[in-house]
2 protein chains.
Amino acid sequence: MSMVLDTQNGSDVTAEPAGVIPAEAARAPATLHDELLAALRDYIVEGNLDDGARIPERLLCDRFGISRTPLREALKVLAAEGLIELLPNRGARVRALSADDLRELFDVMGGLEALAGRLACERVSDADVAEIERVHHDMYRFYLRREMHDYFRCNQDIHRMIVEAAGNAVLSATYASFAGRIRRVRYSANLATDRDRWGEAMREHEAILDALRRRAGSELSDLLFQHLRNKRKAAQAEAKG
Amino acid sequence: MSMVLDTQNGSDVTAEPAGVIPAEAARAPATLHDELLAALRDYIVEGNLDDGARIPERLLCDRFGISRTPLREALKVLAAEGLIELLPNRGARVRALSADDLRELFDVMGGLEALAGRLACERVSDADVAEIERVHHDMYRFYLRREMHDYFRCNQDIHRMIVEAAGNAVLSATYASFAGRIRRVRYSANLATDRDRWGEAMREHEAILDALRRRAGSELSDLLFQHLRNKRKAAQAEAKG
DNA sequence: AAAGACAAAAATGAATGCAATTTATGCCGA
DNA sequence: TCGGCATAAATTGCATTCATTTTTGTCTTT
């Protein structure tokens, strides 16, 4: 249970309500603000608010049990991240992603993954490659069995592992930020229904893994970018169909 | 005059103290917060605050003539951008970039430029290429005359033009954000003293322009990444020497 | 004299209050 | 009945206030 949800206003902090985890339990003595920020981000990413709908501050304050000041601070940060937009004197609304926005975001994700692949080839260990191969083979099994959900999870894991293998914290953070932004539509951007695309994606992953094994950075970079490109195109076709 | 400077609290509308930071003229009277955010960002990027030094909120409030609430909102955003760090209960300080931070930032910039080159090849017009070539030739003249400052300006322009040619607003914004983060050290990361590196950089730019002319996206992508890599290495050597 | 302890002062985190802008409601006239 | 306008309610932006934590300064003790 999160502090954000349980903490009440400062006037009566004498007895904590039942069910509250002692503040000390929070391993990181994170400030209330940071916790709220994370909670609010999840809340939005998970789609609890409608696209473009108004978000009265008061409502969120009540929901999270805090006053407007820390909430507004969090909103400013989320606006800077591009998750919501703040209209002067007219409140916050969830930023609806246009087709162009999606195209741009996918391409930037592709660029970041391309970079990750390039960097990973410079420093990835054989053990790391083996680990990625293991997940790849798991994924292949799920592909054969048409177990979409598990396949998808492995897929995400592989991409994340490549990004981590790059050993660049700035890259990881940036990648995570963009991943959050498109998460709302990512599931719909799925290749669940398109079997041809699914098989193609598997072949692309084979090539990606092969390039990684050979530490062919530049080649892997191209492959990852194209892989994301194709994923985007599939998603767009899906959206239209 | 700017809203930031003119707005005073109700009780004390006396003349402003000398030495107040002149914020930008209110071209967009959008919101006080945005204006403050931009002003504060510039203020930090331009190095008006020492690395790692404490930044008392009160000082900044006085300097910008506002109360703590909007200031703190801006600080949260700047912290999210990575420009400053916020220690719980211990205020904000300018984030000092370690050697590792710089390595990571340069590599991410390289990845973004590589992406920009790839995208630019897909959609750049002949006129745009011609425009870039023009600046390139200007730059070459400055190189021959050893006019470092103008050379540097052209160099920056070319990189910016390639990013713009990619036609991806998300990429442009991301690139600009990272550029701001390393701007504090960018000038020191200069090739002013290293003539060999300077000539090498010119040759790299020739190759970059050639790849762009041929719309060789993948090749241009590699060239741009390596160009940034080399720039980083030169900067690191500079810093050590 | 140096180190530690205690108290005062300052700074931060969060809540509340107030003025200004926006949105909603009701009234009037066509 | 519908549209325009005036007023009221709600919402936002910012300032101020309060409580807690950190820092500073002084005094005591060894």
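As the structure is a computational prediction, the values presented were derived from the model and not from experiment. Residue numbers begin at 1 in each chain, while the letters A, B, ... track the order of the sequences.
The side chain of B:I66 has D:dA15 as its nearest neighbour among D:dA15, C:dT12, D:dT12.
The CG atom of A:L71 sits 14 Å away from the P atom of C:dT16 (whole-angstrom rounding). The distance from atom CD of B:E57 to atom P of D:dT16 is 15 Å, rounded to the nearest whole Å. A:L86 has its CG atom 10 Å from the P atom of D:dT12, to the nearest Å. Look at CG on B:L59: it is 15 Å from P on C:dA10, rounded to the nearest Å. Following rounding to the nearest Å, B:R58 (CZ) and C:dA9 (P) show an atom-to-atom distance of 16 Å. Following rounding to the nearest Å, A:F64 (CZ) and C:dA15 (C1') show an atom-to-atom distance of 18 Å. For B:H33 and D:dA15, the NE2 to C1' distance is 16 Å, given to the nearest whole Å. The CZ-P distance, from A:R68 to D:dG13, rounds to 8 Å in whole Å.
Side-chain contact annotation: A:Y43 with A:R63, donor-acceptor N/O pair under 3.5 Å present.
Judged as a side-chain contact (heavy atoms from CB on, under 4.5 Å), and not counting sequence neighbours, B:S177 has no contacts. Annotation: salt bridge (Lys or Arg N to Asp or Glu O under 4.0 Å) contacts of A:R72 (sequence neighbours excluded): A:E57, B:E73. Here B:R58 pairs with nothing under the salt bridge (Lys or Arg N to Asp or Glu O under 4.0 Å) rule; sequence neighbours left out.
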Shorter than 3.5 Å, N or O on both sides, protein versus nucleotides 22-24 of chain D: list them out with atom names.
{"residue": "D:dT23", "atom": "OP1", "partner": "B:R90", "partner atom": "NE", "Å": "3.0"}
{"residue": "D:dT23", "atom": "OP1", "partner": "B:R90", "partner atom": "NH2", "Å": "3.4"}

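For residues 44-54 of chain A, the side-chain hydrogen bond (donor to acceptor under 3.5 Å, both in side chains) pairs, not counting sequence neighbours, are A:D51-A:R184. Residue pairs satisfying the side-chain hydrogen bond (donor to acceptor under 3.5 Å, both in side chains) criterion with at least one member in residues 81-97 of chain B, sequence neighbours excluded, are listed as follows: B:R41-B:E81.
At a cut-off of 3.5 angstrom, the base of C:dA15 holds at least one donor-acceptor pair with the side chain of A:T69.
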